There are 2 protein chains.
Amino acid sequence: MSQTVQRALSIVEFIAERPRSLGEVAGHLGVHRSTALRLLHTLREGGFARIVGGRYTVGLRLVALAHQALDQLDLHPVAHPHLVRLADRHGHTVHLAQLVGDEIVYVDKVDGRGALRLSSRVGRPVNPQTSGVGKAILAYLDEASRERFLARISYQAYTATSITSPEALRAELARTAARGWAEDDGEYEEVVACVAAPVRDARGRVVAAVSVTAPRVLAPLERLRGCLPDLTDTCAAISRDLGWTGGDQP
Amino acid sequence: MSQTVQRALSIVEFIAERPRSLGEVAGHLGVHRSTALRLLHTLREGGFARIVGGRYTVGLRLVALAHQALDQLDLHPVAHPHLVRLADRHGHTVHLAQLVGDEIVYVDKVDGRGALRLSSRVGRPVNPQTSGVGKAILAYLDEASRERFLARISYQAYTATSITSPEALRAELARTAARGWAEDDGEYEEVVACVAAPVRDARGRVVAAVSVTAPRVLAPLERLRGCLPDLTDTCAAISRDLGWTGGDQP
DNA sequence: CTCCGTTGTTGCACATGTTGCAACCGCCAG
DNA sequence: CTGGCGGTTGCAACATGTGCAACAACGGAG
């Protein structure tokens, strides 16, 4: 493991929070100012950091690489037009989460029309047990993979409706599989609800999910359930674009 | 300058192109496989790389940091809803480019409805002399800044309509300033045209520009000019959201 | 205007972290 | 079964990264 590279990556994380001075970076890393300066120079030269008003912030080359990486996921460019239309028809925020390796992450987000913004962020992991997209993916994993996920979950009680045990989550996933869609009824943030449905790849495996999400004051769960026919049609269309040929709903 | 960090960043650039094996990474850097392996392990641990099917590709943590960085730009979250609506009304791709330090970069892009995709990419620099957004920003820079930009441009003739001299560019920028908008008539890619207008910050300085862009087969320049009232209104709205209070068009 | 403290920067000696090597393991094709 | 290839690891050598001391610039207080 490379200590120098770890330091550099740690700097990038630190300056992404908000612009930072050289001294703050040196303090954060616990190194001499001259060490921090050299690391920052190298990050700047590579486009991963830049200086604005005497403070260091993230460089635009990193942003370009991130977009390049998203385009490589295959799913994002295929799904994005569908998500935009779905968000447009319902006026609510739409998320796409994908199973990437052994975690589920948000890979796209299309904002709804309202002024309220949801805190989810592309690139970040999903809470698999509280989020609609997490449950919509977990419900269709093979048992061994699913149990590995369940074993890693902390079952924290974020709100009164959070799922707090593996048994309760298994029951919820069984319900999800039976009806073909998942929901989040304020289980992570009390004021947010969503419905979600799975997306299949060419071989019929569930690799992603899409959700329609809104603050409950604007759209309680019952109202979001009204989006389900359109949502599951959208997921079927994305699945077909990925080469899935199954006739029934994904 | 840190050689080890340079190597790590070079690895991230290399694997962002497409997934790469350990041997390819070692060959690209000119180092031993064990050296490349240690660097990749550190990048993986920091979330900047991951393994898929025995090959290394970009990690999702980098994607999350990029979105965080874009949110820090102040402009992107403010402008994005306006861009989405503008793209929706016209059905064409909309770009937002921002003056960041001493370069102009694409910071947002909302795809149009057609199947054709434009090659522009968020995070990447703009060609200031061929692109509408580049010209819309350059036209309003103070003379010293503008001349610095003009001095750095290579004036390559990408197409028959490219601007190929500083004099021609100065004339074009004067026209842009006089009429309040810029255009790209296939100057970088012959098949693409656009119109663009400037965005001002709270102090009235032009800090960004928005363009409506389309393949010429779908929307020749004359047709895109029809979008100009809506485009300049949108830029005025974004400018007001940034605190600009000038009464006339930006 | 002067002085002091803070921040950013640089040259250099040296400590240490990085590096390549050799060997190993697993896999696959012949 | 064998050989080649790719991924991995322990270790000694050495090349690089590091902290230190000193310097310059800047801003604020007196």
Side-chain angles (χ1 to χ4, degrees), chain A residues 1-62 69 72 100-103 144 148, chain B residues 1-62 69 72 100-103 144 203:
Chain A
M1 215 60 71
S2 168
Q3 172 185 244
T4 308
V5 174
Q6 277 183 317
R7 281 176 170 166
L9 303 189
S10 178
I11 292 177
V12 176
E13 295 270 356
F14 189 58
I15 64 182
E17 289 171 26
R18 66 177 176 275
R20 308 281 193 175
S21 69
L22 174 67
E24 287 181 280
V25 170
H28 175 72
L29 287 183
V31 298
H32 197 271
R33 291 194 316 276
S34 55
T35 302
L37 186 66
R38 283 189 205 93
L39 293 169
L40 280 160
H41 274 174
T42 309
L43 288 168
R44 282 177 70 198
E45 190 166 277
F48 282 59
R50 61 191 172 90
I51 296 190
V52 177
R55 296 178 160 269
Y56 291 90
T57 186
V58 177
L60 274 297
R61 186 71 199 125
L62 182 146
Q72 263 192 42
V100 177
D102 61 354
E103 59 175 345
R148 276 200 294 280
Chain B
M1 213 60 68
S2 167
Q3 173 183 243
T4 307
V5 174
Q6 277 184 319
R7 282 176 170 167
L9 303 188
S10 177
I11 291 177
V12 177
E13 295 269 357
F14 189 59
I15 64 181
E17 288 170 24
R18 68 177 174 277
R20 308 281 195 176
S21 68
L22 174 67
E24 287 180 282
V25 171
H28 175 72
L29 288 183
V31 299
H32 198 272
R33 293 195 316 277
S34 57
T35 302
L37 186 67
R38 283 189 204 95
L39 294 169
L40 280 161
H41 273 175
T42 309
L43 289 168
R44 281 177 72 198
E45 189 165 279
F48 280 59
R50 62 192 171 90
I51 294 189
V52 177
R55 295 178 162 269
Y56 291 89
T57 186
V58 176
L60 275 297
R61 187 68 198 126
L62 184 142
Q72 264 191 41
V100 177
D102 61 354
E103 60 176 346
R203 300 199 227 173

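If you're wondering where the values come from, they're calculated on a predicted model, not measured in any experiment. Just so we're on the same page: letters track the sequence lines, and every chain starts at 1.
With hydrogens and angles left out, the side chain of B:Arg38 and the base of C:dG20 share a donor-acceptor pair within 3.5 Å. Under 3.5 Å, the side chain of A:Thr4 and the base of C:dG17 form no donor-acceptor pair of N or O atoms. If you check distances only, the side chain of B:Arg20 never reaches the base of D:dG6 with a donor-acceptor pair under 3.5 Å. A donor-acceptor contact under 3.5 angstrom links the side-chain atoms of A:Arg33 to the base of C:dT9.
Listed nucleotides: C:dA22, C:dT10, C:dT9. Nearest to the side chain of B:His32: C:dA22.
For the pair A:Ile51 CD1 and C:dT7 P, the computed distance is 15 Å after rounding to whole Å. Following rounding to the nearest Å, B:Leu29 (CG) and C:dT18 (P) show an atom-to-atom distance of 15 Å. A straight line from CG of A:Leu22 to C1' of C:dT10 spans 13 Å, rounded to a whole angstrom. Distance A:Leu37 CG to C:dG8 C1': 7 Å, rounded to the nearest Å. For A:Arg55 and C:dT7, the CZ to C1' distance is 11 Å, given to the nearest whole Å. In this entry the distance linking CG of B:Leu40 with P of D:dT9 reads 13 Å, nearest Å. Summarising the geometry, the separation between CD on A:Gln6 and P on D:dG17 is reported as 15 Å, rounded to the nearest angstrom. A straight line from CG of B:Leu43 to P of C:dT18 spans 13 Å, rounded to a whole angstrom.
Contact of the A:Ser2 side chain with the B:Thr4 side chain is registered, since non-hydrogen atoms from C-beta on lie closer than 4.5 Å. In this structure, the side chains of B:Phe48 and A:Leu62 come closer than 4.5 Å at one or more pairs of heavy atoms. Residues A:Tyr56 and A:Ile11 have side chains not in contact (no heavy-atom distance under 4.5 Å, counting atoms from C-beta outward). Looking only at side-chain heavy atoms (C-beta outward), A:Leu39 and A:Leu29 come within less than 4.5 Å of each other.
Along DNA chain C, the nucleotide nearest to A:Gly54 and the one nearest to A:Val5 differ in position, and the one closer to the 5' end is contacted by A:Gly54. Summary of the strand contacts: A:Ser21 and A:Gln3 both lie near DNA chain C, and taking for each the nucleotide with the nearest heavy atom, the more 5' one is attributed to A:Ser21.
OP1 or OP2 of D:dT18 sits under 4.0 Å from a side-chain N or O of A:Arg7. Between B:Ser2 and the phosphate of D:dG17, there is a side-chain N or O to OP1/OP2 separation shorter than 4.0 Å.
Rounded to the nearest 0.5 Å, atoms CZ (B:Arg61) and CD (A:Glu13) are 4.0 Å apart.
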